[in-house]
Amino acid sequence: MNVDGVIDIFRRVLETTEVHADSDFFELGGDSLLATRILSGVARATGVELSFDDFLLAPTPDALAKRLGSLVA
């Protein structure tokens, strides 16, 4: 999944268009419950299940897309 796909998931879950590649999920008002929705959306789209710890280490769309790329490659 590329960064644009992750941005789309962030926007849908956070219900805002104000998400960019370097937007921090938690600074946008995200919480642990919404983070699980992000992880679920990523898993549905890619078949890759990330942990909450993965998300904490990569809380921006760009970082999360890179994390996904490293696991799929």
**Student:** Which pair of non-hydrogen atoms, one from P61 and one from S23, has the smallest distance, and what is that distance?
**Tutor:**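 Residues P61 and S23, closest heavy atoms: CD-O, 3.2 Å.
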
**Student:** I need the E49 CD to L71 CG distance, nearest 0.5 Å.
**Tutor:** 12.0 Å

**Student:** Give the minimum heavy-atom separation between L34 and G29, together with the two atoms involved.
**Tutor:** CD1-O, 4.5 Å

**Student:** Mind checking side chain to side chain donor-acceptor pair (under 3.5 Å) for N2 and listing every partner two or more places apart, or none if nothing turns up?
**Tutor:**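 By the side chain to side chain donor-acceptor pair (under 3.5 Å) rule, N2 matches no residue at all.
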
**Student:** Apply side chain to side chain contact (heavy atoms under 4.5 Å, CB included) to L57 and list each qualifying residue two or more places apart in sequence or on a separate chain.
**Tutor:**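 Residues passing side chain to side chain contact (heavy atoms under 4.5 Å, CB included) with L57: none at all.
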
**Student:** Write down the atom of L39, the atom of L50, and the distance for their closest heavy-atom approach.
**Tutor:**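 Smallest interatomic distance, heavy atoms only, reads CD2-CB, 3.7 Å.
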
**Student:** So, using salt bridge (charged side-chain N to carboxylate O under 4.0 Å, His left out) as the criterion, who are the partners of D24 when residues are at least two apart?
**Tutor:**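 Checked D24 against salt bridge (charged side-chain N to carboxylate O under 4.0 Å, His left out); zero matches.
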
**Student:** Without placing hydrogens or testing angles, list every side-chain donor-acceptor pair under 3.5 Å for residues 4-17, not counting sequence neighbours.
**Tutor:**
unit_1	atom_1	unit_2	atom_2	d
R11	NE	T17	O	3.3
R11	NE	V19	O	3.3
R11	NH2	V19	O	2.8
T16	OG1	E18	N	3.1

**Student:** Using the test side chain to side chain contact (heavy atoms under 4.5 Å, CB included), find all partners of D53 that sit at least two apart in sequence or belong to another chain.
**Tutor:** S51, L56

**Student:** Considering residues at least two apart in sequence or located in another chain, which fulfil the side chain to side chain donor-acceptor pair (under 3.5 Å) criterion with S32?
**Tutor:** none

**Student:** How many angstroms lie between CG in L64 and CD1 in I38, if you round to the nearest 0.5 Å?
**Tutor:** 8.0 Å

**Student:** Do any pairs count as a salt bridge (Lys or Arg N to Asp or Glu O under 4.0 Å) and have a residue in residues 56-67, sequence neighbours left out, and if so which ones?
**Tutor:** D54-R67, D62-K66

**Student:** Say you draw a straight line from OG1 of T36 to CZ of F52; how long is it, rounded to the nearest 0.5 Å?
**Tutor:** 8.0 Å

**Student:** S40: what forms a side chain to side chain donor-acceptor pair (under 3.5 Å) with it, not counting sequence neighbours?
**Tutor:**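 Once residues adjacent in sequence are excluded, the partners of S40 under the side chain to side chain donor-acceptor pair (under 3.5 Å) criterion are R44.
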
